[in-house]
Amino acid sequence: MTGPPPAAILSRWAREQARLKGGVVREDTEEWQKEPSFAGLERVGGVDLSYIKGDDSRACASLVVLSYPGLEVLYEDCRMVAVSAPYVAGFLAFREVPFLVEAVQRLQQEEPSYSALLLTGFGVACHLGVLTDLPCIGVAKNLLQVDGLARDELHREQIRSLQREGDTFPLTGTSGSVLGMALRSCNSSKPLYISVGHRVCLETAVRLVQSCCRYRIPEPIRQADIRSREYIRKQMCSPVKVPSSGPEREEKAEVDD
DNA sequence: GCGACAG
DNA sequence: ATCTTGTCGC
């Protein structure tokens, strides 16, 4: 059951978030990051959680791995999870990251060579990156209004100034620090918001995300999104468990392919 | 106090 | 996140 966020939880999250930020590496650490076309990078992963409409506590967590630069899906892991933490803007990672860490661990167990780089949500990228020590990049479809960032007229004007694919402008907070970058990833007038996750600098992150875009949403995240939604759709059609009188017995519905 | 707020 | 069909355009 997902309840409102008690103040005690929020302050604990704030402390943990501050501690975790100390572990974030904001520079490039991989050899392929120095190459003009990222030569040497062979796999790019994406993660996502899709929720059931009326149910705040059940979701499908997905992790996909794509070839790079071909962007063909090589690996897919979808499974239902019981979400317990509430959604709080600015603290999304505490709700979603535990399931993503598990997915990464399964990946590393099954296909050790596949976990090269992950595209995740904006703030999720730092958490997941530090906890797994994998290179991560944050990608959001909408602007998180924090530290003075707002969808105001200035912001809309800056978006209009993004004329060509690859054009960017920095997201500078009131504190003066650059929190991320807005990127026109394709012909859509709506930009992507890119942030540093772990072990990738912002400039490299923007170039890399751009190179993963067939459409506005980078292919790894788009595939994770599509596949987790499809998994949920199938769940809705599977038989409902009816309470029985006899001894309880776990039955697993077969959901193959 | 009210509204705004990634997913 | 999710509720939702067609539709206009390249």
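Letters A, B, ... mirror the listed sequences (proteins, then strands); counts begin at 1.
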Between the side chains of [Y] and [X], is the shortest nitrogen-to-carboxylate-oxygen separation below 4.0 Å, so that they form an ion pair?
{"X": "A:Arg12", "Y": "A:Glu16", "answer": "yes"}
{"X": "A:Arg227", "Y": "A:Glu230", "answer": "no"}
{"X": "A:Asp28", "Y": "A:Arg199", "answer": "no"}
{"X": "A:Asp152", "Y": "A:Arg156", "answer": "no"}

How long is the line joining [atom1] of [X] and [atom2] of [N], in whole Å?
{"X": "A:Tyr51", "N": "B:dG7", "atom1": "OH", "atom2": "C1'", "answer": "6 Å"}
{"X": "A:Asp147", "N": "B:dA6", "atom1": "CG", "atom2": "C1'", "answer": "15 Å"}
{"X": "A:Arg233", "N": "C:dC3", "atom1": "CZ", "atom2": "P", "answer": "12 Å"}
{"X": "A:Glu230", "N": "C:dT2", "atom1": "CD", "atom2": "P", "answer": "13 Å"}
{"X": "A:Leu192", "N": "B:dA6", "atom1": "CG", "atom2": "C1'", "answer": "13 Å"}
{"X": "A:Gln145", "N": "B:dA6", "atom1": "CD", "atom2": "C1'", "answer": "10 Å"}
{"X": "A:Leu128", "N": "B:dA6", "atom1": "CG", "atom2": "P", "answer": "20 Å"}
{"X": "A:Lys141", "N": "C:dT2", "atom1": "NZ", "atom2": "C1'", "answer": "13 Å"}

If you compare every side-chain N and O of [X] against the phosphate oxygens of [N] (OP1, OP2), does one of them come in below 4.0 Å?
{"X": "A:Tyr87", "N": "C:dA1", "result": "no"}
{"X": "A:Arg151", "N": "B:dA6", "result": "yes"}
{"X": "A:Lys53", "N": "C:dT4", "result": "no"}
{"X": "A:Arg95", "N": "B:dA6", "result": "no"}
{"X": "A:Asn142", "N": "B:dC5", "result": "no"}

With heavy atoms under 4.0 Å as the rule, sort [X] into base, sugar-phosphate or nothing.
{"X": "A:Ile52", "answer": "nothing"}
{"X": "A:Gly121", "answer": "nothing"}
{"X": "A:Phe94", "answer": "nothing"}
{"X": "A:Gly138", "answer": "nothing"}
{"X": "A:Arg58", "answer": "nothing"}

A:Tyr68 and A:Ser211: side chain donor to acceptor below 3.5 Å |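 Yes - a donor-acceptor pair under 3.5 Å links their side chains.
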
